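Right, one structure below, let's go through it.
Throughout, a chain's letter reflects where its sequence line sits, starting with A, and its residues are numbered from 1. Side chains included, hydrogens not; waters and symmetry mates left out as well; all remaining heavy atoms used. Only a predicted model underlies this, so the values are computations on that prediction, with no experimental measurement involved.
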Protein chains: 4
Amino acid sequence: MITRTSALERPTTKQPRTDRGRRTRQKLIDAATAEFGEKGFHDASIIGITGRAGTALGSFYTYFDSKDEIFRSLVQELSDAVKERAALALVPNQSALDAERSALAAFLEFARDHKEIYRIIDEAEFVDPQSYREHYERTAQRIEERLAEGIKSGDLRPDIGEVEAWAIMGMNVFLGLRFSVWGADADHTEVSRAANAMLATGIASRR
Amino acid sequence: MITRTSALERPTTKQPRTDRGRRTRQKLIDAATAEFGEKGFHDASIIGITGRAGTALGSFYTYFDSKDEIFRSLVQELSDAVKERAALALVPNQSALDAERSALAAFLEFARDHKEIYRIIDEAEFVDPQSYREHYERTAQRIEERLAEGIKSGDLRPDIGEVEAWAIMGMNVFLGLRFSVWGADADHTEVSRAANAMLATGIASRR
Amino acid sequence: MITRTSALERPTTKQPRTDRGRRTRQKLIDAATAEFGEKGFHDASIIGITGRAGTALGSFYTYFDSKDEIFRSLVQELSDAVKERAALALVPNQSALDAERSALAAFLEFARDHKEIYRIIDEAEFVDPQSYREHYERTAQRIEERLAEGIKSGDLRPDIGEVEAWAIMGMNVFLGLRFSVWGADADHTEVSRAANAMLATGIASRR
Amino acid sequence: MITRTSALERPTTKQPRTDRGRRTRQKLIDAATAEFGEKGFHDASIIGITGRAGTALGSFYTYFDSKDEIFRSLVQELSDAVKERAALALVPNQSALDAERSALAAFLEFARDHKEIYRIIDEAEFVDPQSYREHYERTAQRIEERLAEGIKSGDLRPDIGEVEAWAIMGMNVFLGLRFSVWGADADHTEVSRAANAMLATGIASRR
DNA sequence: GATGAATGAGGATTCATTCAT
DNA sequence: TATGAATGAATCCTCATTCAT
């Protein structure tokens, strides 16, 4: 039998077999997202998670092997969610630069609505370095692919590649930190516009 | 008499009063830098630190009040060190864009030589959020000031400011992550050149 | 439904929810009484307590927040127990002096059976000064109330009050120390009789 | 060579040989009295003592073998001081009851001026049970001796002895606790008078 | 004698994980 | 499945005492 396994349904022996089980599991995942996002990995506790979920402590281990495992699941899930959101923002027949602007705008919005991703993905560097690195490498990869398309279509300079992709990613991440997580009151449209202008034609004066 | 007090010599009741004491304290700081950089805050242990330093466990508390305190000291010290390195890289009479290139080059080098700063400063988000935020806000501030000078001198477009400063910082940080921490074999001159070109005139094709 | 909450069942988040839990908690309380009584607060250790109780170290913290907390509970419990024992000794229609004699006799017996109360309540002076003071103030208060009734009934001189109450308490406490804790072989009836005679008509010779 | 050894000059190898040494030693004793009286034995620290004394940590061990030793010295010293004060209060040709009144009055005063004795002597029960017991047994003994004299002179009933001595001691101690340590504003003359009246002729009404 | 650095045993507390019901 | 009690390794921190200068 072939089973599609999404991020959270990885090969593990702990799949719920009843509906009630599925509901409990989901409650635990939501609770863990809140707990990790609020306290960070190390200060988060299984008791804290089961407390939020309204289940007994022991029930956690009915669905997850360890604190690490659920954390990795969440990183994976959030990483997928960001990617998906960015993908949704991409409209066909957009210019390459418009695509980047949309992606940034979508990201700023997502970050504002899910501030915890910052904490969770960032802390993954310590808890699960592999997930962390994979997340950013996948993201840079996607940006680089978009750049390649932009080159092909003539929108972008032909001599750009990996360096520019990482630069764009860093730009986006820190704008998210500044204008979504720390300053939720910012005007995202304006931020995206300014960043995109810089990306398009730089900051040198045009003399 | 004027006494310079660096970050690590802040008013605390635990200053060494002899030379021997000063040496021990320094050994502990070096050991802590290695331990935190290698294991992250939570997996680092006082035993690990004193083990590396070659002192007894209790000696740690002769100079520091707690694991938290030494960590904060380190974040502060590293934050100051990065800043100083960037400042040293700034040559008088450079154009604004050359200044940014120098700063990035200096940072990439520094990051390669002190890979642990990534772990330490990054983990500060969880251990000591205030330091973390302050570090990045101070850094962005300095970049913004340099941009303002570039505007004044006519090197840069007059309509740039905070958004661009944060974007540049994010760009630098992620290039450091990719090309200093994860890929120490990279050609920093080329990375700086490419990033600076993007910064100067953007990535749009010039038709 | 009315639930009686004794001193040790105060509102805390650590109440056992099963019978097994209740048994374990009680074992810990008994063990702590022995440990504190034998070694005093500071030399007592959680390991010592759980060792006596036959539970794992960590189980202590399933039911108590800290070494201080259980100590306070014990002081409270013992304070209540002494009070209760003294109250039980009071027979209706006794004369005021007979009441004091019964109270002392009951106390001497109680002290002999629970020698540890001396150590525990006494050390409370340092560990938990408030409990300590409260214990003795409550006790003196009760004695004073009994004296007041004796005055009303005409058994006692009308000009006595707080000073006499504290004097009686001190007398009882030290007789307990000498004849119950240190000299368990003493004849309590004789001690009570002598002390009561002194209390009734003093020690001056009757010429 | 015969050396008179007072309480604090017990056979120990640590007698100061110079004047400066004697002064340092005394500073340490005064500091220890304050420190123990304020914090109790266990919360007191050698650092606390040397800090108050204004000497270096290591200097403590130039004069005392251990924390226990200095504590025992202090208990002994204070015990002697109380005894001496009580002795001084005894005027020749006083009646036995007047003698007890004077002793109590002297004690109340002493306790008011040296509140720390309560803490120190009381905590001795845990730190140095032998000193503690000896202190009270010596005190009871002295009272009993005075009672015997009172009997001989015909002032007191002939059938009193150890029980009454302990009762009087307890009375005194608790009146000291209540009216000197906790209520320094009390009228000691009145307290002594009331307690003495009770002692003389009891509290039964005279019908 | 005086100083203060060095030592390390000792103890409280936390919490992920296991287990019995 | 759900529950919550039991477990004990792990770790921070304290502080009396020793020691080198």
Side-chain angles (χ1 to χ4, degrees), chain A residues 14 16-18 20-21 23-25 42-50 54-68, chain B residues 14-25 42-50 54-68, chain C residues 14-25 42-50 54-68, chain D residues 14 16-25 42-50 54-68:
Chain A
K14 305 220 159 181
R17 308 206 175 285
T18 68
R20 184 186 176 208
R23 259 176 286 126
T24 302
R25 191 173 193 282
H42 282 97
D43 288 341
S45 67
I46 307 298
I47 283 223
I49 293 171
T50 53
T55 74
L57 172 57
S59 300
F60 179 88
Y61 291 91
T62 308
Y63 300 105
F64 302 97
D65 281 329
S66 68
K67 190 182 176 184
D68 273 73
Chain B
K14 305 219 159 181
Q15 287 310 307
R17 300 182 192 191
T18 66
D19 258 347
R20 188 186 175 201
R22 261 179 295 278
R23 258 177 286 128
T24 303
R25 191 175 193 281
H42 282 96
D43 289 338
S45 69
I46 307 297
I47 285 216
I49 293 173
T50 51
T55 73
L57 169 59
S59 299
F60 178 87
Y61 293 93
T62 306
Y63 300 106
F64 302 96
D65 281 330
S66 66
K67 191 180 172 185
D68 272 74
Chain C
K14 304 215 158 182
Q15 288 309 308
R17 301 182 191 192
T18 67
D19 258 345
R20 186 185 176 203
R22 258 179 296 277
R23 258 176 285 127
T24 302
R25 192 176 192 280
H42 282 97
D43 289 339
S45 68
I46 308 298
I47 286 217
I49 294 172
T50 51
T55 73
L57 171 57
S59 298
F60 178 87
Y61 293 92
T62 307
Y63 300 105
F64 303 96
D65 281 328
S66 66
K67 190 181 172 184
D68 272 74
Chain D
K14 306 216 159 180
R17 306 204 175 287
T18 68
D19 250 0
R20 184 188 176 204
R22 258 180 296 279
R23 257 176 288 125
T24 303
R25 191 173 193 282
H42 281 98
D43 288 341
S45 67
I46 308 297
I47 284 223
I49 292 171
T50 53
T55 73
L57 173 57
S59 300
F60 179 88
Y61 291 90
T62 307
Y63 299 106
F64 302 97
D65 281 328
S66 67
K67 190 182 176 185
D68 273 72

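- One can place OH of Tyr63(B) at 17 Å from C1' of dT14(F), the figure rounded to the nearest angstrom.
- Every residue meeting the side-chain contact (heavy atoms from CB on, under 4.5 Å) condition with Thr50(C), not counting sequence neighbours, appears here in chain and number order: Leu28(C), Ile46(C), Thr55(C), Leu57(C), Phe60(C).
- Taking all atoms of both residues into account, the shortest heavy-atom contact from Lys14(B) to Asp65(B) is CE-OD1, 3.0 Å.
- Comparing Ser45(B) and Phe60(A), the nucleotide of DNA chain F nearest to each residue sits closer to the 5' end for Phe60(A).
- Going from atom NE2 of His42(B) over to atom P of dA10(F) covers 17 Å, rounded to whole Å.
- Ser59(D) comes within 4.0 angstrom of a nucleotide base, judged by non-hydrogen atoms across all strands.
- Here dG4(F) presents its P atom at 11 Å from CD1 of Ile47(A), a figure rounded to the nearest Å.
- Within the 4.5 Å cutoff, the side chain of Asp43(B) has heavy atoms near those of the His42(A) side chain.
- Straight-line distance from the CD atom of Gln15(C) to the P atom of dT3(F): 20 Å, rounded to whole Å.
- On the nucleic acid side, DNA chain E has its first and last nucleotide under 4.0 Å of a heavy atom of chain A at dA16(E) to dT18(E), going 5' to 3'.
- Across all non-hydrogen atoms, the minimal contact from Gly21(A) to Pro16(A) is C-CB, 3.5 Å.
- Side-chain N/O atoms of Tyr61(A) include none lying less than 4.0 angstrom from OP1 or OP2 on dA2(F).
- The structure places CG of Asp68(C) at 5.0 Å from OG of Ser66(C), a figure rounded to the nearest 0.5 Å.
- For Leu57(B) and Ser66(D), each mapped to the nucleotide of DNA chain F holding its nearest heavy atom, the one lying further toward the 5' end belongs to Leu57(B).
- Both Lys67(C) and Ile46(A) sit near DNA chain E, but only Lys67(C) has its closest nucleotide nearer the 5' end.
- With pairs defined as Watson-Crick or G-U wobble and both atom distances under 3.5 Å, the stems of at least three pairs that touch DNA chain F come out as E:2-21 with F:2-21.
- Between Arg25(C) and Arg22(C) the shortest side-chain heavy-atom distance does not fall below 4.5 Å.
- Among the atoms of the strands shown, base atoms are found under 4.0 Å from some heavy atom of Gly58(D).
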